[in-house]
Amino acid sequence: MAFWRRLSSGDATGFKFLFSVAFLYALMSAIAYFVLHMKHVPPLPLDAPLDQFSEARAVQHIRVLAEENSGRQEGRPGLREAATYIKTQLEMVKERAGPNLRVEVEETQVDGSFSMMFLGHSISLGYRNHTNILMRISSMHSHDTDASVLMNAHYDSPVNSPGAGDCGSCVASLLEIARLVVDSGWAPPRPIIFLFNGAEELFMLGSHGFMTQHKLKDTVGAFINLEASGTGGIDLVCQSGPGSWPSNVYSQAAVYPMAQSSAQDIFDVFPGDTDYRMFAEDYGDIPGLDIIFLLGGYYYHTSFDTIDRIIPGSMQARGENLISVLKAFTSSSKLKVASERKSLHVDADSDMVERAVFFDYLTMFMVYHPKRVAMVLHNIPSALVLFAPFFLYMREPGRHPFLSVFCAFLKGVIHHTAGILLGVIFPVLFSVIRLFFANPMSWFAHSYLAFLMFIPCSFFGLLLPRTISDGASDCQSFSSKKIMKVEMSDEARFWGAFGLYAFVTSKRLQAYFFAGLGGGFLTFVICVSMLLGWISFCLSVKSYGYDSLKSPMFYVIALVPCLLYSVYFGGFLALFLIEKTGMIGVPPPFGFYLADVAVAAVIGLVTGFCVGPIIPICDRWLAKASILKFLLHFTVAMFAVSSQFFPYSKDAPKRVVLQHTVFSAGGNEITDSTYDLAVVDSNSMEFVFKHAPEVAEKLHAGPSFSLSNAEVSPQKAWLALFPVSCVLTKNGRFPAKDNKILERYSQFPHLKTHKPPTTLEDGTRRVHLELSLGSLEEIWVTVLNITGPLSRWSFADGKLPAPELPEGGPPSYILRLSGNSSEKWIFWLEANSEAEVRVDLAVLDQRLDEESRHLKSLFPAWSDVIAYTSFLSTYFF
């Protein structure tokens, strides 16, 4: 009470308004959280009717794949077990098919070789004996050449992960959909192909094998690719195309639509790729959807990706969407085979070619409009802005010079732009200052802390321009005829802010259609809502007066649908980023700041488009010195509180890479043995050793370990992970015992000449090589870095990828090999000179010796340790 008594009446009114607005945003945040985590979708039980999708039945499949399986990684027996289980389930579905259906199940082995860009690096890949499982369901009257719909999911999982979310959830969804198609008695008007591919984690090899080798590849007229970058929540259409037809079908059919045309922008920012690339871009132009679980990213590619992390309701929403969209695709007259699609490309106005703007509103419905409509709608706000100064002048012609009115309008644009920028700058500035006194990412395991820290200082930045402007006006003489009425000034502020959003909408639209950006639909919605809010505000002013607090409240209430969507969209964006910061790896010193700065900037930007629309009208009550002081104090208090929180937990683990590196001389002679450690976020190994002294003691690092005097792992040591190794923050190398290695392995990987080199007619030298992978039993991948005067090789149709160009060194070429390890790889290299060709060989084996397993067990429960053995050797030919 003493606090309120010290305030002036204007300040007290401002605080009441502030707390009212805060309560409203808290309520909208709760609604957004409720929707994002699918709490509004009731999962159906095991005994649900057979003609409905059941989450419980799908979860049973996840349990088998993730818990009752010995590991679905390439090279491990569990991958074969998973393939057998999937095929068995499909055969059971086939047996229940009615006489109106033709159901075919097949298992295929794929092999091949190609080059691709991944994480900014050009690499070549060779693979063999990867298993794809297919099911084709069609009516008895269909033909093998009919256009079909492909549904794809991969059943392999990354190293060290049980893969419940990625991508056991995807496989389970398709198994339940396949059962539903058969048990419901529905005869699809077009064939459906279910593809379960076994090598996505090795850079989309299974889908490449289908697109280059399978007889049905040219019959696919549309596809749906399922992926998981988390364990549930929003199941977003992250990529759609070519053209707008797939997104149009989805918008009309999805029961719980979750799609935004801006998602493709966000997807491209984060490292990674999906099978969508193989179907729609690299090896086909098939129209399709890339649908991905995006929340629960804490567990993505970790040992914590278990069945208990699947977010309830997520599978149910996905399943109901899939069956509805699948029926829409199979019924569409635009479903065409490859040869028919080519003839459509000449029609530039066809929705098989043009892009569209679309977004869902809290999974309730979708707003969708094609390019030609968007070009008109999204430019209307800009047209209104052009008339805003004239409108302001004509309100009271002659009272204020037109130039004065125009300057007031420009001032409104500048003020709002400055507020948005300061709303991002202040959180970033505070985040950097905080790191001088606390560890990075203290908010990581408690995401709400990030919002409590950065929203108040962002709000401070939004209000600051009005406070400064009012302070400057108070210092001027009010007798000046050039001073406008407060009402007129605030009206200019409103139209200035509206002008900023209109300008962004117009420019984003142009960028979307000409450069691929997200269409500016959010700022367009803001513009429309601000106009409705302005009408409401003007009517309330006539009823209650300009000084009544009811007038801005009516403005805010009119904006609630828009603000709710902004909170939903912005909250998802911020949560997604927070969960993904555990995977951001940048070498010091920038990596130390990166996570905090990125989260602060995004939350500042999100606050800008969630709160920014109410600022032009409401800042008159909120831009008080006492309120700004309160926001600063609250920010400092939250920074102090957050520094007491530990960044990690079992629900938000820290990722650590533990590589036991064995260097050999090309035979079974070990030349060195080390432990190479890396982390994948802003807290270095110093942090791990400080909080895990048992690990430091085992590695003889000691409590005084410092990166500045530690031996750093060379780039060559991480060859087995290339190019993923580029996102690791490599921290240190420590000696390891090698006395148990020879007991475990009778033979190491070895590269030798297969037959004498030959000289071709053009003078090039061809070296014939044989690669034996020794007695290694659980090989994930083999990586070769070939340096020298290379001109051709026997992979990727003889074409070399773009070379790696290390500073001060000759060009080198990267080759990744995967597949059955019991067979030798026979290949050749061509050199255009007599200079030596150097081959660095790295083989990643998922098995660990006893010492390495013990070391892994010493890491604390809040860490996720990806551990494996890498065999390195070097050869010259």
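We're numbering straight along the sequence, starting at 1. All figures in this text were calculated on a predicted structure; none of them were measured in a lab.
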*Supply the atom-to-atom distance Gln89 CD to Glu176 CD, rounded to the nearest 0.5 angstrom.*
10.5 Å

*What pair of heavy atoms forms the shortest contact from Ser240 to Leu289, and how long is it?*
OG-CD2, 3.7 Å

*For the atom pair CZ (Arg96) and CG (Asp183), what is the distance rounded to the nearest 0.5 Å?*
4.5 Å

*asked:* Please verify the inter-ring angle class for Phe359 with Phe521; under 30° counts as parallel, over 60° as perpendicular, anything in between as tilted.
replied: parallel

*Do Tyr568 and Ser566 come close enough that some side-chain heavy atom pair is under 4.5 Å?*
no

_Derivation of the salt bridge (charged side-chain N to carboxylate O under 4.0 Å, His left out) call for Asp235 and Arg318_ = CA-CA 7 Å; Asp235 194 27; Arg318 166 179 273 186; 2.9 Å; yes

*Please check if the side chain of Ser113 supplies one atom and the backbone of Ala796 the other of a donor-acceptor pair under 3.5 Å.*
yes

*asked:* Which residue is it: Pro370, Ser262, Pro257, Ser261? I am looking for the one with a side chain to side chain contact (heavy atoms under 4.5 Å, CB included) to Phe358.
replied: Ser261

_Between OG on residue Ser148 and CD1 on residue Ile192, distance to nearest 0.5 Å_ = 9.5 Å

*Measure across His61 and Ala172 and return the closest heavy-atom pair with its distance rounded to 0.1 Å.*
CB-CB, 3.7 Å

_From Phe53 atom CZ to Glu320 atom CD, the distance as rounded to the nearest 0.5 Å_ = 8.5 Å

_Geometric class of the Tyr361/Tyr565 ring pair [parallel <30°, tilted 30-60°, perpendicular >60°]_ = parallel

*Please collect all ring-ring contact (aromatic ring centres under 6.0 Å, His included) contacts where either partner lies in residues 149-183, sequence neighbours excluded, each pair once.*
none

*asked:* One pair to check against salt bridge (charged side-chain N to carboxylate O under 4.0 Å, His left out): Asp146 and Arg190. What are the steps and the verdict?
replied: CA-CA 7 Å; Asp146 287 350; Arg190 305 289 185 86; over 6 Å; no

*asked:* Can you list everything that forms a salt bridge (charged side-chain N to carboxylate O under 4.0 Å, His left out) with Asp218? Sequence neighbours excluded, please.
replied: none

*Can you establish whether the number of heavy atoms outside Met92 located under 6.0 Å from its atom CE is more than 12?*
no

*Can any side-chain N or O of Asp360 pair as donor or acceptor with the backbone N or O of Ala259 at less than 3.5 Å?*
yes

*Taking Arg128 for its side chain and Val110 for its backbone only, find out whether a donor-acceptor pair lies under 3.5 Å.*
no

*asked:* Students often mix this up, so state it plainly: with edges at 30° and 60°, are the rings of Trp245 and Phe329 parallel, tilted or perpendicular?
replied: perpendicular

*Would you find a donor on one side and an acceptor on the other, under 3.5 Å apart, between the side chain of Ser139 and the backbone of Ala187?*
no

*Are Lys94 and Glu106 close enough, and set up right, to give a salt bridge (charged side-chain N to carboxylate O under 4.0 Å, His left out), and what steps lead you there?*
CA-CA 11 Å; Lys94 178 181 178 180; Glu106 68 174 78; over 6 Å; no

*Taking the side chain as every heavy atom from C-beta outward, state whether Lys580 and Tyr300 have any atom pair closer than 4.5 Å.*
yes

*Of all pairs that satisfy ring-ring contact (aromatic ring centres under 6.0 Å, His included), the ones with a partner from residues 189-208, not counting sequence neighbours*: Phe114-His208, Phe118-Phe203, Tyr127-His208, His208-Tyr283

*asked:* Between Ser161 and Thr302, is there a side-chain heavy-atom distance shorter than 4.5 Å?
replied: no

_Rounded at 0.5 Å granularity, tell me how far OG1 in Thr108 sits from NE2 in His130._
12.0 Å

_Check: Ile307 and Pro162 side chains under 4.5 Å, non-hydrogen atoms_ = no

_Any heavy-atom pair between the side chains of Ile177 and Met151 that's under 4.5 Å?_
yes

_Side chains of Thr219 and Lys336 in contact at under 4.5 Å (non-hydrogen atoms)_ = no

*asked:* To the nearest 0.5 Å, what is the distance between OG1 on Thr131 and NZ on Lys87?
replied: 9.5 Å

*Going by heavy atoms in the side chains, are Leu236 and Phe572 under 4.5 Å from each other?*
yes

*Close side-chain approach of Leu175 and Leu90, heavy atoms under 4.5 Å*: yes

